[in-house]
Asker: 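Have a look at the structure that comes next, please.
Below, chain A is the first sequence line, B the second, and so on; all start at residue 1.
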There are 2 protein chains.
Amino acid sequence: MDIKTKLISAAESLFDRHGFTATGMDRLTQAAGMSSRTLYKHAGSKHSLIAKVLSERDKRFLRRLDVSSVDALFKALEDWVRVEGCRGCLFLRAYGETGGDVPEIAEAIAVHKARAWNKIQEIIALETNGRGDEQLAEQILILFEGATATAIYRGADAVATARHCAVRLVKQAPS
Amino acid sequence: MDIKTKLISAAESLFDRHGFTATGMDRLTQAAGMSSRTLYKHAGSKHSLIAKVLSERDKRFLRRLDVSSVDALFKALEDWVRVEGCRGCLFLRAYGETGGDVPEIAEAIAVHKARAWNKIQEIIALETNGRGDEQLAEQILILFEGATATAIYRGADAVATARHCAVRLVKQAPS
DNA sequence: TTCAATGTAAAACGATCATTTTACATTGTC
DNA sequence: GACAATGTAAAATGATCGTTTTACATTGAA
């Protein structure tokens with residue numbers, strides 16, 4: 001595996017498991033199997049590493065959400081949670097830990113949330129024959145965020161519940 | 001104001017604004033206006049202080065949720081967000097930052113989530129003539145968590161959207 | 001074969017971490 | 001008027017933080 005990929009994926013699991021601030025560079029170098037000199041050559045700084053981790057996760061996550069129905073959207077989230085577990089939205093956690101005060105991190109978060117929101121709007125447009133129902137899309141977004149948060153302590157079943165609820169909302173929408 | 005109250009309320013706002021791990025004891029003593037000796041006399045340790053902050057927040061938050069309808073429940077959350085702002089559920093953030101590895105913190109989180117879940121079940125029972133509709137209650141829980149998470153980046157309007165959605169779900173439920 | 005790139009290992013950097021300690025001032029109470 | 005409690009101010013603790021540096025090994029291309 002490419003050394004940069006190895007670093008970012010090791011960092012992602014440590015950040016997810018223990019939090020961003022609580023994860024020190026020592027533990028990071030050890031998990032990535034490289035010297036701190038090499039780590040800094042590739043990452044630049046811890047803040048920059050966090051931003052890179054978030055950008056990679058954004059890509060990986062949205063690749064999974066490449067679907068065209070609300071049902072499939074929540075099915076994809078359910079799969080993600082069952083495979084990767086769930087400790088909450090890593091982007092919102094990064095926001096909470098940094099207070100939104102680190103520009104490159106705040107930017108990565110904003111990009112991800114905008115892309116997810118666009119994806120949901122796109123799916124809603126497909127399912128309602130092109131009507132741009134903002135209200136419905138926001139309801140689906142809230143269910144999506146809610147499923148992610150609730151899955152932390154109630155497991156993947158919460159995502160299934162959100163899925164049924166979301167599908168019903170879409171069915172009831174005027175098309 | 002009582003010195004312990006002052007400490008815990010200063011700690012709550014710093015933790016909420018900057019995160020738990022990123023907030024150092026120096027900043028804490030300064031904000032609370034007391035020496036570190038006094039702080040440790042009352043708090044015991046940082047972990048214990050975090051647990052106390054969470055317990056106090058649990059009390060304060062659930063006092064606001066002392067209502068008997070789903071509509072009032074989300075109205076209360078909306079008020080909370082408009083008054084206090086929203087950086088996400090402080091309990092889930094504490095879970096994310098500690099990885100659930102600190103027993104006294106994990107316990108405070110579990111207590112809060114159990115109490116909120118019970119409150120929602122109680123309201124659903126009231127609104128459906130005593131039928132214990134677990135599925136509906138979980139949907140409301142997910143909307144509640146989702147509103148809290150979404151409000152971080154979309155503001156209090158997201159809570160209003162969740163509110164309308166929740167009310168509709170309850171109306172459609174068989175009673 | 002020599003140069004530049006890319007890596008490791010390990011020490012050093014000054015800052016900050018959570019926590020304890022030392023020394024002292026102010027209380028209210030018996 | 002002595003005592004215990006409760007507070008402050010500030011230094012010291014040893015550990016750990018993110019980051020840089022020093023010294024050296026390996027490699028592939030010119």
Side-chain angles (χ1 to χ4, degrees), chain A residues 1-55 93-106 108, chain B residues 1-55 93-106 108:
Chain A
M1 200 199 311
D2 175 54
I3 198 173
K4 204 160 184 171
T5 309
K6 198 170 143 196
L7 167 59
I8 288 179
S9 102
E12 182 180 348
S13 39
L14 281 180
F15 288 151
D16 185 49
R17 176 62 182 80
H18 300 287
F20 296 91
T21 316
T23 300
M25 299 308 265
D26 279 10
R27 214 176 339 175
L28 238 11
T29 55
Q30 192 179 347
M34 67 185 59
S35 66
S36 69
R37 198 182 204 276
T38 304
L39 188 153
Y40 274 92
K41 180 94 65 172
H42 286 94
S45 68
K46 189 183 184 183
H47 283 158
S48 173
L49 175 60
I50 293 175
K52 287 184 214 301
V53 164
L54 292 178
S55 289
R93 289 170 60 193
Y95 180 81
E97 287 206 35
T98 59
D101 295 328
V102 185
E104 52 187 335
I105 296 176
Chain B
M1 198 198 313
D2 176 54
I3 200 173
K4 204 160 185 171
T5 309
K6 198 170 144 196
L7 166 60
I8 288 178
S9 103
E12 182 180 348
S13 41
L14 282 180
F15 288 152
D16 186 49
R17 176 63 182 79
H18 301 287
F20 296 91
T21 315
T23 300
M25 300 307 266
D26 278 11
R27 213 171 347 171
L28 238 11
T29 56
Q30 192 179 347
M34 67 184 59
S35 65
S36 69
R37 197 180 205 277
T38 304
L39 188 152
Y40 275 92
K41 182 95 63 172
H42 286 95
S45 69
K46 189 183 184 183
H47 284 158
S48 173
L49 175 60
I50 293 175
K52 287 184 214 301
V53 164
L54 292 178
S55 288
R93 289 170 61 194
Y95 181 81
E97 288 206 35
T98 59
D101 294 329
V102 185
E104 52 188 334
I105 296 177

Asker: Can you measure B/R27 atom CZ to C/dA15 atom P for me and round it to whole angstrom units?
Answerer: 18 Å

Asker: Can you tell me the distance, in whole Å, between the NZ atom of A/K46 and the C1' atom of D/dT19?
Answerer: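 Value for this atom pair: 12 Å.
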
Asker: Between A/L49 and A/A43, which heavy-atom pair has the shortest distance, and what is it?
Answerer: CB-CB, 3.9 Å

Asker: Could you state the CD-C1' distance from A/E97 to D/dC17, rounded to the nearest angstrom?
Answerer: 15 Å

Asker: Within the pair A/T38 and C/dT8, is there a side-chain N or O less than 4.0 Å away from OP1 or OP2?
Answerer: yes

Asker: On DNA chain D, compare the nucleotides closest to B/G33 and A/G44; which residue's is nearer the 5' end?
Answerer: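 Going by which nucleotide is closer to the 5' end, it is B/G33.
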
Asker: Check whether any side-chain N or O of B/H42 sits under 4.0 Å from OP1 or OP2 of D/dG7, and answer yes or no.
Answerer: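 Yes, because at least one side-chain N or O of B/H42 sits under 4.0 Å from OP1 or OP2 of D/dG7.
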
Asker: Is any side-chain heavy atom of B/D16 less than 4.5 Å from a side-chain heavy atom of B/R93?
Answerer: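 Yes; the side chains approach each other to less than 4.5 Å.
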
Asker: Rounded to the nearest angstrom, tell me the gap between atom CG in A/L28 and atom C1' in D/dG18.
Answerer: 11 Å

Asker: Just the rounded figure in Å: distance from P of C/dA9 to CE of A/M34.
Answerer: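 After rounding, the gap between these two atoms is 11 Å.
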
Asker: A/T29 near the nucleic acid: base, sugar-phosphate alone, or nothing, with a heavy-atom cut-off under 4.0 Å?
Answerer: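 Nothing, no heavy atom under 4.0 Å.
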
Asker: With distance as the sole criterion, is a donor-acceptor pair present between the side chains of A/S45 and A/S48 under 3.5 Å?
Answerer: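 The answer is no; no qualifying pair exists.
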
Asker: Base of C/dT6, side chain of A/R37 - is there a donor-acceptor contact under 3.5 Å?
Answerer: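 Side chain to base: no pair present.
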
Asker: Within a strict 4.5 Å, meaning less than it, do heavy atoms of the A/Y95 and A/D101 side chains meet?
Answerer: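 No, every pair of side-chain atoms sits at 4.5 Å or beyond.
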
Asker: Using a cut-off of 4.0 Å on non-hydrogen atoms, how would the nucleic acid contact of A/S48 be classed: base, sugar-phosphate, or nothing?
Answerer: nothing

Asker: Could you state the CD-P distance from B/Q30 to C/dA18, rounded to the nearest angstrom?
Answerer: 14 Å

Asker: Once hydrogens and angles are ignored, does a donor-acceptor distance under 3.5 Å link the base of C/dT19 to the side chain of B/S36?
Answerer: no

Asker: Any heavy-atom pair between the side chains of B/F15 and B/I50 that's under 4.5 Å?
Answerer: yes

Asker: Starting from P on C/dT19, measure out to CG on B/L39 and report it in whole angstrom.
Answerer: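 To the nearest whole Å, that distance equals 10 Å.
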
Asker: Separation of B/Y40 atom OH from C/dC17 atom P, in whole Å?
Answerer: 11 Å

